[in-house]
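Read through the structure below, which is laid out as structure tokens, and then see the notes.
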Amino acid sequence: MPSGGTHDRITLYTLPVIAGVTLWQTRSSNLTLLVASGFMFSGLMFGPDLDIYSRQFQRWGFLRCIWRPYQKKLRHRSVFSHGPIIGTIIRVIYLGCFLALVATVFLVIGEMLGILAVTWQDLSLALGRSLVVYTTEYLALFLGLELGAMSHSLSDWGGSAYKRVQKQGVRSLFAGRKRKGRVKRRGTLR
């Protein structure tokens, strides 16, 4: 498994490729910026290694405490943290719930102090309208987040495969995974 510094270098070195391909495909600087920003954010701060005490986790500074429940619930390298699409969806929902909670607290306090005059109905209508009007932009941002996460996961899997080949040879790539548990020894019945 590559180190945090290696993951960072992979993110930084592949960013121009991601941005170039996005610009070439979309011909939109706005969508390219969203994909590239999502890729950088995911590669450096929002990637699969938030499930352990990692460089990504440490970059959250005093806000890293919001990721503690996430770490306690997910096993490292599980499909729910490192899996394609599902890992990113879970992190987006998790962070979205936290941000919604913080926004709700601020809105309630603002209403109580008389600073804000926003109704919950107006807020939900504005959010729903935003999701419809900016669907392409949200998808571009999600694609960037997913590409950043997948660059991380692919480098993990590639690094592990490389180490396995170094120790056991090429056959190890095609052999089934060994099960952990009791080992049957010759001459003994279990």
Side-chain angles (χ1 to χ4, degrees), residues 1-104 127-128 130-163:
M1 180 165 51
S3 69
T6 302
H7 284 302
D8 290 349
R9 282 189 295 280
I10 290 170
T11 299
L12 295 173
Y13 294 159
T14 56
L15 177 64
V17 174
I18 296 294
V21 169
T22 304
L23 185 60
W24 172 54
Q25 288 296 309
T26 65
R27 304 220 190 299
S28 167
S29 57
N30 291 339
L31 294 179
T32 300
L33 181 62
L34 287 169
V35 171
S37 298
F39 181 78
M40 281 290 288
F41 180 63
S42 184
L44 298 177
M45 291 186 68
F46 196 65
D49 275 354
L50 284 172
D51 61 355
I52 59 171
Y53 191 84
S54 63
R55 190 176 275 196
Q56 291 175 345
F57 173 74
Q58 292 171 12
R59 285 189 176 125
W60 283 84
F62 70 92
L63 290 176
R64 75 178 77 143
C65 62
I66 67 173
W67 294 104
R68 293 272 188 217
Y70 178 85
Q71 289 178 342
K72 289 188 185 338
K73 293 293 182 189
L74 294 179
R75 187 176 47 87
H76 183 54
R77 280 193 167 186
S78 74
V79 70
F80 299 112
S81 65
H82 282 63
I85 300 175
I86 187 122
T88 303
I89 289 173
I90 288 174
R91 282 188 301 282
V92 166
I93 291 172
Y94 184 86
L95 184 60
C97 288
F98 173 77
L99 293 174
L101 180 67
V102 170
T104 301
L127 183 60
S130 168
L131 290 172
V132 170
V133 172
Y134 298 110
T135 302
T136 304
E137 287 80 2
Y138 286 122
L139 288 173
L141 182 59
F142 182 80
L143 177 63
L145 293 172
E146 179 61 23
L147 288 171
M150 282 301 91
S151 74
H152 179 98
S153 294
L154 289 173
S155 64
D156 277 354
W157 294 328
S160 295
Y162 177 75
K163 287 178 184 175

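No experiment lies behind these values; they were computed from the predicted model shown.
Between F46 and F41, the ring-plane angle classifies as parallel under the 30° and 60° cut-offs.
Note: I85 CD1 to L145 CG = 12.5 Å, rounded to the nearest 0.5 Å. The line from CG of L33 to CG of L141 is 10.0 Å long, rounded to the nearest 0.5 Å.
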List, one per line, each side-chain donor-acceptor pair under 3.5 Å for residues 23-30, sequence neighbours excluded.
from: T26; atom 1: OG1; to: T22; atom 2: O; distance (Å): 2.7
from: T26; atom 1: OG1; to: S28; atom 2: N; distance (Å): 3.2
from: R27; atom 1: NH1; to: W24; atom 2: O; distance (Å): 2.9
from: S28; atom 1: OG; to: N30; atom 2: N; distance (Å): 3.4
from: S28; atom 1: OG; to: L31; atom 2: N; distance (Å): 3.2

Sequence neighbours excluded and cut-off under 3.5 Å, please list the side-chain donor-acceptor pairs for residues 61-73, or say none.
from: R64; atom 1: NE; to: G61; atom 2: O; distance (Å): 3.0
from: Q71; atom 1: NE2; to: L50; atom 2: O; distance (Å): 3.3
from: Q71; atom 1: NE2; to: I52; atom 2: O; distance (Å): 2.9

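Shown here are the side chain to side chain donor-acceptor pair (under 3.5 Å) partners of Y138, two or more places apart in sequence or in another chain: S130. With sequence neighbours excluded, the residues satisfying ring pair (Phe, Tyr, Trp, His ring centres under 6.0 Å) with Y53 are F57. In this structure, F142 has no ring pair (Phe, Tyr, Trp, His ring centres under 6.0 Å) partners at least two apart in sequence or on a different chain. For E146, the side chain to side chain donor-acceptor pair (under 3.5 Å) partners at least two apart in sequence or on another chain are T88.
Residue T11 comes nearest to S151 through the heavy atom pair OG1-OG, 4.4 Å, listed as atom of the first residue, atom of the second, then distance. Here the closest non-hydrogen pair linking A149 and R91 is CB-NH2, 3.4 Å. Nearest heavy atom pair, residue I10 against residue T14, reads O-OG1, 2.6 Å.
Judged purely by atom type and a 3.5 angstrom limit, S37 has no side-chain atom pairing as donor or acceptor with the backbone of L34. Between the side chain of S42 and the backbone N or O of F39, no donor-acceptor pair lies under 3.5 Å.
Between C97 and L101 the shortest side-chain heavy-atom distance does not fall below 4.5 Å. The shortest side-chain heavy-atom distance between M40 and L15 falls under the 4.5 Å cut-off.
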